[in-house]
Enquirer: 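Encoded as structure tokens, here's the structure I'll be asking about.
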Amino acid sequence: MIINADLHVHSKYSMATSKNMDPETMALESVKKGLDLVATGDAFHSGWLNELEDSLVEIDNTGIYKTNDTIETNNTKFITTTEVEDNQRIHHLIIIPSIEVAWNMRDEFTVKNMDADGRPRIRMSGAEIMDIARDYNCIIGPAHIFTPWTGLYKSYDSVTDCYGQQPDFVELGLSSDSDLADTIKELADYTFLTNSDSHSPWPHRIGREFNRMELKDLSFKSLCFSIKNNDIIENYGFDPRMGKYHETGCIDCHRIYNIHDAVECDMKCSCGGRIKKGVKGRIQELASFDKPHHPSHRPHYQYLLPLAELLSTVHDKGVTTKYVQTRYDRLLDLFGNEIDVLLNTPIEKIATVDMLLANVIKSYRDNTLDVIPGRGGQYGEVNYN
């Protein structure tokens with residue numbers, strides 16, 4: 001079977017997340033997106049685990065969960081996951097066999113307060129966290145590996161320097177893609193995951209990056225096998241220029257800097273703000289090749305942008321306005337879920353509904369989108385005329 005999976009999200013128990021990040025809303029909104037499987041996120045937080053147990057039921061001991069409805073629905077299914085921060089402020093994504101296993105794992109970690117935040121700060125190294133994860137038959141890898149604040153490469157020049165051994169995957173993050181990552185020789189052996197890291201259930205956030213995967217069946221065991229064996233059919237995600245840390249830039253005025261110029265001025269902007277090294281700059285430091293060297297197992301990386309954000313851009317209206325949401329709902333009524341509209345619906349059919357939208361979708365499908373790149377914590381913008 002082939003599924004669309006977003007394996008990294010957060011719950012309402014994480015800092016700066018929507019209060020609507022509850023299982024029922026997440027499941028329903030993920031159907032609009034076109035996701036078959038979505039992460040629970042935050043599976044070491046006791047309040048969230050209690051809510052998951054009240055709201056979800058496991059399907060035939062597979063480690064896959066559905067909402068606890070009185071009637072059968074086709075809602076998106078869930079798999080147990082969490083993101084944790086280690087003692088170097090590096091973030092790790094853990095995919096867990098079940099909610100029960102998540103409960104059992106909580107006491108294994110050195111942490112001041114596991115319930116202080118949905119993403120706990122664990123006072124242990126990445127290697128120690130990996131050892132515990134594997135003792136419980138989880139799979140683990142670095143979250144958004146290039147992100148300058150909390151990605152693995154902010155502190156290490158090699159993945160194995162962090163873990164002491166190879167993790168099960170690498171999550172790229174919003175500011176990079178496989179072309180950029182495959183300029184780094186050591187990453188050739190890894191499966192690349194593209195996930196949303198969403199803090200909101202709405203379709204312009206959840207599933208903004210996702211993985212199309214082939215599984216033997218819908219189960220934790222099959223998902224792990226697919227990831228470990230590079231059975232990703234296609235990665236979908238942002239044009240990396242849209243990520244808010246793609247270019248090196250000032251976190252105050254958002255001026256873009258060449259990495260060498262930024263180093264020369266001691267990472268201090270002329271405005272007085274701090275310059276943050278961008279993903280592209282860090283990759284240039286780590287790169288083994290000038291151009292990507294894709295291994296034979298590497299799937300195609302397809303750019304996409306959230307449909308509501310595209311509608312917002314071309315019509316100059318807010319993402320959550322009635323104007324945008326009415327047009328969003330009409331497109332889904334006519335052509336299916338959001339992923340189908342973005343990737344599969346013929347441009348000429350979209351044009352019969354919204355010519356402006358059809359033009360911008362054609363641009364990113366053709367890889368000709370004009371983007372003002374993200375930097376210094378500010379997302380990139382589509383330069384649409």
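The model shown is predicted, which means the values in this text are computed figures rather than measured ones.
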Enquirer: To check you understand the geometry: which heavy-atom pair defines the closest contact between Cys250 and Cys269, and what is its length?
Expert: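 Nearest pair, atom of Cys250 first, then Cys269: SG-CB, 3.7 Å.
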Enquirer: Check whether Thr368 reaches the backbone of Ser363 with its side chain - one donor and one acceptor, N or O, closer than 3.5 Å.
Expert: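 Flag set: sc Thr368 to bb Ser363 pair under 3.5 Å.
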Enquirer: Between atom CG of Leu93 and atom CZ of Arg119, what is the distance when rounded to the nearest 0.5 Å?
Expert: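 The CG atom of Leu93 sits 12.0 Å away from the CZ atom of Arg119.
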Enquirer: Is there a ring pair (Phe, Tyr, Trp, His ring centres under 6.0 Å) between Phe192 and Tyr190? Walk through the geometry before answering.
Expert: CA-CA 6 Å; Phe192 289 166; Tyr190 291 104; 8.0 Å; no
Enquirer: Less than 6.0 Å separating the ring centroids of Phe210 and Tyr236?
Expert: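 Under 6.0 Å, so yes.
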Enquirer: Got a donor-acceptor contact below 3.5 angstrom from the Thr183 side chain to the Ala287 backbone?
Expert: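 Side chain of Thr183 to backbone of Ala287, a donor-acceptor pair under 3.5 Å: no, none is there.
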Enquirer: Verify salt bridge (Lys or Arg N to Asp or Glu O under 4.0 Å) between Lys77 and Asp36, making sure each step is shown before the conclusion.
Expert: CA-CA 6 Å; Lys77 307 304 187 291; Asp36 303 295; over 6 Å; no
Enquirer: Can you confirm if the NZ or CZ of Lys276 lies within 45° of the ring axis of Trp149 and under 6.0 Å from the centre of its six-membered ring?
Expert: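 Satisfied, under 6.0 Å and within 45°.
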Enquirer: Keeping the roles fixed (side chain from Thr352, backbone from Lys349), state whether a donor-acceptor pair exists under 3.5 Å.
Expert: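 Side chain of Thr352 to backbone of Lys349, a donor-acceptor pair under 3.5 Å: yes, one is there.
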Enquirer: Search all heavy atoms of Ala308 against all heavy atoms of His204 and return the closest pair with its distance.
Expert: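 Closest pair (atom of Ala308, atom of His204, distance): CB-CB, 4.1 Å.
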Enquirer: Is it the case that the side chain of Ser30 and the backbone of Ala27 share a donor-acceptor pair, with hydrogens and angles ignored and the cut-off at 3.5 Å?
Expert: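 Between the backbone of Ala27 and the side chain of Ser30 there is no qualifying donor-acceptor contact (under 3.5 Å).
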Enquirer: Let me confirm one number: the OH-OG1 distance from Tyr65 to Thr80, rounded to the nearest 0.5 Å.
Expert: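 Spacing of OH (Tyr65) from OG1 (Thr80) equals 4.5 Å.
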Enquirer: If you measure from OG1 on Thr313 to NZ on Lys317, what distance do you get to the nearest 0.5 Å?
Expert: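 Between Thr313 OG1 and Lys317 NZ, I get 13.5 Å after rounding to 0.5 Å.
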Enquirer: Without swapping roles, check the side chain of Asp161 against the backbone of Tyr156 for a donor-acceptor pair under 3.5 Å.
Expert: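 No; zero donor-acceptor contacts below 3.5 Å.
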Enquirer: Determine the sole option in His8, Glu83, Arg208, Glu171 for which the side chain to side chain donor-acceptor pair (under 3.5 Å) test with Asn195 is passed.
Expert: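 Single side chain to side chain donor-acceptor pair (under 3.5 Å) partner of Asn195 among His8, Glu83, Arg208, Glu171: Glu171.
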Enquirer: Has the side chain of Asp182 got a donor or acceptor atom that lies under 3.5 Å from a matching backbone atom of Pro292?
Expert: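 Judged by distance alone, no pair lies under 3.5 Å.
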Enquirer: With rounding to the nearest 0.5 angstrom, report the CG to CE distance, Asp42 to Met21.
Expert: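 Answer rounded to 0.5 Å: 8.0 Å.
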Enquirer: Under the 3.5 angstrom rule, does the side chain of Ser55 hit a backbone N or O of Glu51 as a donor-acceptor pair?
Expert: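 Such a contact is found between Ser55 side chain and Glu51 backbone.
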Enquirer: State whether the side chain of Asn4 and the backbone N or O of Gly34 hold a donor-acceptor pair below 3.5 Å, judged by distance alone.
Expert: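 Here the side-chain-to-backbone pair exists.
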Enquirer: Tell me if the aromatic rings of Phe109 and Phe44 count as close, with their centers under 6.0 Å from one another.
Expert: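 Under 6.0 Å, so yes.
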Enquirer: For the side chain of Glu214 and the backbone of Ile2, is there at least one donor-acceptor N/O pair under 3.5 Å apart?
Expert: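 The answer is no, because no donor-acceptor pair under 3.5 Å joins these two groups.
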Enquirer: Could you verify whether a donor N or O on one side chain and an acceptor N or O on the other, from Asp54 and Asn68, lie under 3.5 Å apart?
Expert: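 Side-chain D/A pair, Asp54 to Asn68: absent.
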Enquirer: Quick one: does Phe225's side chain get under 4.5 Å of Asp231's, heavy atoms only?
Expert: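 The answer is yes; the side chains approach within 4.5 Å.
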Enquirer: What residue pairs, at least two apart or across chains, pass salt bridge (Lys or Arg N to Asp or Glu O under 4.0 Å) with a residue in residues 325-348?
Expert: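 Salt bridge (Lys or Arg N to Asp or Glu O under 4.0 Å) check on residues 325-348 returns Lys33-Glu338.
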Enquirer: Test ring pair (Phe, Tyr, Trp, His ring centres under 6.0 Å) on Tyr163 and His92 and set out the steps.
Expert: CA-CA 11 Å; Tyr163 295 111; His92 310 271; 5.3 Å; yes
Enquirer: Going from CD1 on Ile64 to CG on Leu223, what distance comes out if it is rounded to the nearest 0.5 angstrom?
Expert: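 If I round to the nearest 0.5 Å, the distance is 6.5 Å.
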